[in-house]
Amino acid sequence: MRDKDMPVSLGEKVGYGLGDMACNIVFSSVYMYLTIFYTDTFGISAGAAGVIFFVSRFIGAVTDPMMGAIVDKNQFKDGKFRPYIKWGIFPFILAIFVVFSTPSLSYTGKVIYAFFTYNFLMVVFTMISIPYGSLTSAMARDTGELTSITSVRMFFANLSSVAVAFFVPTLNQFFAARYTPAQSYQLTMLVLAVLGGVLLYVTYKTTRERITLPKNAGKAAFTDILTLFKDNRPLVVMCALFLCNFGIITIIGGASSYYVTYNMGRPDLLRWFMLLGNLPAFFIMPFLPWLALKLGKKPLLYLTTVFYMITILSIYYLPPENVALVFAVRLLAAAAACVSSGYIWALVPELIVYGEYKSGKRLSGLVYAMISFFFKIGMALGGIVLGFCLEYFRYVPNAARQSPEALNGILLLMSVMPAVILAVTIYFIKLYELDEKRYAEVLAVVVERERQLNEG
């Protein structure tokens, strides 16, 4: 039960948010730079990169729920979730380093190396991210408090995206003056990986687990994942929302480097373009609890998703040489995206409570594993769409100029394709049934049940 005399302090929320900053260093580096690193630095075709991303998700289909089951079954002296964060620090640094390394191999050897190192990174990410995400459910479960924690978390997640978007090109240029392009990429990512490791340790030291399982609570089992899919409809809907949102993020994030470099013809502006994709979060996320309170869950998601769809679609009609106009629209689209993509994280602990209401078991790890699996599927599908579209429209790596066909393909990836996915997202928002009133009723039942179990 939650100890009401031990509220979540701002310092603890910041400590938790720094963990998301560390995890997002991996996520942002992958979706912003890994495709173009594979094609233009390591020498792998865009199609091969897309296949690697897609096939790797089937491995995630096993590792994600497996990790969720492990987390739900075990309890350690320093917590149920926090120990995994500490244990994952060194593998985290190593995985980023090897993914952005370029050993001298044959083409087939490069593809094999990329496949295994990418999957090593994804397994390490799973080892950290599932316990980290599940930790929220042990910190609080009041909707307002969860939204507050999430707003701080998303603030730091976006701060890391800014760091990756702005400082990767900057550090790359710094190291490129002294080393080869491949070495400069590796050193740049190593700097970010070490920073991420330090932040993970801070998260481990500063966070606390308040909500513990009742003594007589049901034990988790791997097969509970089938029960979750069958009985927890809000979770199924949320999985679809995560799949769509992260597919969009991956497509736009990956296509941005190509769009700025070739459609705009301004590779010198890439860091600023990437920066604008995350800048609005610093001004909007602190107000997310207030927005959610005033508008409600579904109206907030509807409003921001529709606005995001309109602004991202308008990029198709903008003259790419008009830098000011493109940047203005980029800023507006990012403002909507940070709310529509960020707020759904605040709803994940509610899905855990609803699952406990339906099954009598608190399956924090498995719930977050399902969310993790579907947002990785979204990333994979986004990656394969990006890779195959570049191949289909005849993109030529490192060409001084691209063909009109290739430029149009890049433009479609930046605008029309994400807009279509956003239209699908609106449909899934409509299906989400766990509104404020219903969640309050569910939480009351769960709290009373836990009280009886603790007294029994």
Side-chain angles (χ1 to χ4, degrees), residues 16 19-20 22-27 30 53 55-96 99 115-139 153 196-197 200-201 203-204 207 209 211-213 217-229 232 235-236 238-239 242-243 246 345 348-349 351-352 355-356 359 361-380:
Y16 183 69
D20 204 297
C23 292
N24 204 47
I25 285 174
V26 176
F27 172 72
V30 167
F53 297 147
V55 173
S56 298
R57 296 288 64 81
F58 290 97
I59 297 174
V62 176
T63 58
D64 284 12
M66 185 181 296
M67 189 67 206
I70 290 170
V71 169
D72 283 332
K73 282 183 177 180
N74 294 293
Q75 177 76 37
F76 303 96
K77 181 178 65 175
D78 47 353
K80 189 176 183 66
F81 307 111
R82 294 168 56 251
Y84 298 98
I85 297 172
K86 178 179 65 174
W87 297 335
I89 292 174
F90 176 74
F92 174 89
I93 296 171
L94 177 63
I96 298 175
V99 162
F115 176 81
F116 280 103
T117 55
Y118 178 75
N119 277 283
F120 174 51
L121 175 63
M122 290 298 100
V123 169
V124 172
F125 186 74
T126 295
M127 175 185 173
I128 296 172
S129 66
I130 288 178
Y132 171 81
S134 304
L135 178 59
T136 319
S137 65
M139 295 172 67
R153 173 186 177 182
L200 286 172
Y201 185 73
T203 297
Y204 166 75
T207 52
E209 299 182 24
I211 302 170
T212 57
L213 283 171
K219 298 297 182 182
F222 186 82
T223 53
D224 285 323
I225 195 167
L226 300 176
T227 304
L228 285 172
F229 260 118
N232 196 332
L235 173 60
V236 175
M238 195 57 62
C239 286
F242 271 92
L243 185 149
F246 279 84
W345 287 107
V348 174
L351 306 175
I352 295 169
E356 186 178 355
S359 68
K361 300 180 181 180
R362 187 181 305 152
L363 304 171
S364 304
L366 277 178
V367 168
Y368 195 82
M370 291 175 64
I371 293 293
S372 175
F373 173 67
F374 276 92
F375 85 62
K376 288 178 184 177
I377 285 287
M379 289 176 65

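The basis for the numbers below is simple: all heavy atoms, side chains too, and nothing from hydrogens, waters or symmetry mates.
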For Leu235 and Ile371, what are the C-alpha separation, side-chain angles and deciding distance, and is it a side chain to side chain contact (heavy atoms under 4.5 Å, CB included)?
-> CA-CA 8 Å; Leu235 173 60; Ile371 293 293; 4.0 Å; yes
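A distance-only check finds no donor-acceptor pair linking the side chain of Asp64 to the backbone of Thr126 [under 3.5 Å].
Residue pairs meeting the side chain to side chain donor-acceptor pair (under 3.5 Å) criterion with at least one partner in residues 84-94, sequence neighbours excluded, are Lys86-Tyr204.
Taking every heavy atom of both residues into account, Pro83 and Asp78 meet most closely at CG-OD1, 3.1 Å.
Taking Phe374 as the reference, Phe229, Cys239, Leu243 meet the side chain to side chain contact (heavy atoms under 4.5 Å, CB included) condition, with sequence neighbours excluded. Remark: Asp20 pairs with Arg153 by the side chain to side chain donor-acceptor pair (under 3.5 Å) rule, at least two apart or across chains. When the side chain to side chain contact (heavy atoms under 4.5 Å, CB included) test is applied to Gln75, the partners found at least two apart in sequence or on another chain are Lys80. Partners of Ile352 under the side chain to side chain contact (heavy atoms under 4.5 Å, CB included) rule, at least two apart in sequence or in another chain, are Ser137, Arg362, Ser364, Val367. Here Phe125 pairs with nothing under the ring pair (Phe, Tyr, Trp, His ring centres under 6.0 Å) rule; sequence neighbours left out. For the side chain to side chain donor-acceptor pair (under 3.5 Å) test, no residue two or more places apart in sequence or in another chain qualifies with Thr203. Under the ring pair (Phe, Tyr, Trp, His ring centres under 6.0 Å) criterion, Phe115 pairs with no residue at all, not counting sequence neighbours.
In this structure, the separation between CH2 on Trp345 and CE on Met238 is 11.0 Å, given to the nearest 0.5 Å. The CZ atom of Arg82 sits 6.5 Å away from atom CD of Glu209, with the distance rounded to the nearest 0.5 Å. Separation of atoms CE (Met66) and CD1 (Ile130) is listed at 11.0 Å; rounding is to 0.5 Å.
If you run side chain to side chain contact (heavy atoms under 4.5 Å, CB included) between Val99 and each of Leu121, Val124, Asn119, only Leu121 comes through.
Val123 has its side chain out of reach of Met127: every pair of non-hydrogen atoms, C-beta onward, lies at least 4.5 Å apart.
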Below 3.5 Å, can you tabulate the donor-acceptor pairs from side chains in residues 89-96 to any protein atom, sequence neighbours excluded?
none

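Between Tyr132 and Tyr16, the distance separating the two ring centers is shorter than 6.0 angstrom.
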